[in-house]
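The block underneath contains the structure these notes are about, expressed in structure tokens.
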Amino acid sequence: MTAPRRVRTCLDTVAYALDLAVEQADTGHWRWVSVALITALQAACVAALSGYPSAEDEDVTVPGDPAQIASLQTLLRRVASTDYLSDPERLKGQGRAVADALELQAFRNQALHVPVDGSPASYAQVEALIPTAIVILRHLILDQPAFDPAPHAQTVSQIEHAIVRLSGGKR
């Protein structure tokens, strides 16, 4: 897949995943909110890493396995690295946000593979991590995109609207 097509596909994925996260948050289905947010974060990272004209498939895949997208941890490390993105697009100074995103991913993994106990604490954990996901998504897609947002204006607007809804109407 070409890098511009990968950006388009990833932005569509982010928009869909955030719409799902909003819908599931409104109904209190925090397990699915975590699934949707991790999907959105991974797709946002891939879009950012695919935005430069010099972008290559290896920027977003597992080393030695070009058919597999890299893990969220690897993608977050890459979007923070000057080896992949320049300032201001690079995700810098967000160590706590990255740790929180990985905590959200751990909850998602548990929710998918182990029955969730349904305790309010586990749901509160996801709800508490939503702002962190929003910070990363805003940076990579809205505030400092590494891709040209003009051809994707409608999708980026949809993403912004979903982020506002997910953050309780705050911009």
Side-chain angles (χ1 to χ4, degrees), residues 1-24 32-95 97-109 112 129-130 132-167:
M1 177 182 303
T2 65
R5 184 167 174 230
R6 191 166 47 240
V7 168
R8 159 71 60 207
T9 301
C10 286
L11 291 176
D12 288 344
T13 300
V14 171
Y16 178 78
L18 287 177
D19 283 345
L20 179 63
V22 168
E23 178 183 305
Q24 296 303 308
W32 299 113
V33 172
S34 69
V35 170
L37 287 176
I38 293 302
T39 299
L41 287 168
Q42 288 177 308
C45 288
V46 172
L49 292 165
S50 302
Y52 288 173
S54 60
E56 298 181 9
D57 289 345
E58 293 78 24
D59 296 342
V60 299
T61 59
V62 172
D65 187 358
Q68 185 175 343
I69 297 295
S71 68
L72 179 61
Q73 183 172 10
T74 299
L75 292 171
L76 287 168
R77 188 174 58 249
R78 289 177 184 173
V79 297
S81 170
T82 55
D83 291 342
Y84 292 90
L85 297 177
S86 301
D87 291 330
E89 295 93 1
R90 183 171 71 87
L91 184 67
K92 58 183 178 221
Q94 298 293 339
V98 169
D100 286 351
L102 296 176
E103 184 180 338
L104 181 62
Q105 181 182 38
F107 180 89
R108 188 265 336 240
N109 291 345
L112 289 176
L129 295 172
I130 289 173
T132 295
I134 289 171
V135 165
I136 295 171
L137 292 165
R138 284 196 68 81
H139 178 83
L140 295 176
I141 295 175
L142 303 176
D143 299 339
Q144 300 297 333
F147 54 87
D148 178 8
H152 314 287
Q154 183 175 359
T155 305
V156 169
S157 176
Q158 181 182 354
I159 291 167
E160 183 173 27
H161 180 70
I163 286 173
V164 168
R165 288 174 45 218
L166 196 58
S167 61

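Predicted, not measured: the structure shown is a model, and the values here were computed from it.
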Are [X] and [Y] side-chain neighbours, meaning at least one heavy-atom pair lies under 4.5 Å?
X	Y	answer
Leu142	Pro145	no
Asp19	Arg165	yes
Arg78	Asp59	no

- With sequence neighbours left out, the residues meeting salt bridge (charged side-chain N to carboxylate O under 4.0 Å, His left out) with Arg90 are Asp87
- Which residues share a salt bridge (charged side-chain N to carboxylate O under 4.0 Å, His left out) with Arg6, sequence neighbours left out: Asp57
Nearest non-hydrogen partners of [X] and [Y], listed with the distance:
X	Y	answer
Cys10	Ala47	CB-CB, 3.8 Å
Thr74	Ala70	CG2-CB, 3.8 Å
Gln24	Trp32	CG-CB, 3.7 Å
Thr155	Ala15	CG2-CB, 4.1 Å
Leu85	Ala146	CD2-CB, 3.8 Å
Ala3	Ser50	CB-O, 3.4 Å

What's the spacing between [X] [atom1] and [Y] [atom2] if we round to 0.5 Å?
X	Y	atom1	atom2	result
Asp143	Arg138	CG	CZ	5.0 Å
Glu160	Leu137	CD	CG	12.5 Å
Glu56	Thr61	CD	OG1	10.0 Å
Leu37	Leu166	CG	CG	6.0 Å
Leu72	Arg77	CG	CZ	11.0 Å
His161	Leu18	NE2	CG	11.5 Å

If the condition is side-chain contact (heavy atoms from CB on, under 4.5 Å), which residues does [X] pass it with, not counting sequence neighbours?
X	result
His152	Val7, Arg8, Leu11, Phe147, Val156
Ser86	Tyr52, Glu89
Ile69	Val46, Val60, Leu75

- Please lay out, stage by stage, how Ile141 and Val14 fare under the test side chain to side chain contact (heavy atoms under 4.5 Å, CB included). CA-CA 9 Å; Ile141 295 175; Val14 171; 3.6 Å; yes
- Query: Can Leu76 and Cys45 be said to form a side chain to side chain contact (heavy atoms under 4.5 Å, CB included), step by step?
  - Reply: CA-CA 7 Å; Leu76 287 168; Cys45 288; 3.7 Å; yes
- Message: Can you pull out every side chain to side chain donor-acceptor pair (under 3.5 Å) where at least one residue sits in residues 97-107? Sequence neighbours excluded, please.
- Response: Arg96-Asp100, Asp100-Thr132, Glu103-Gln125
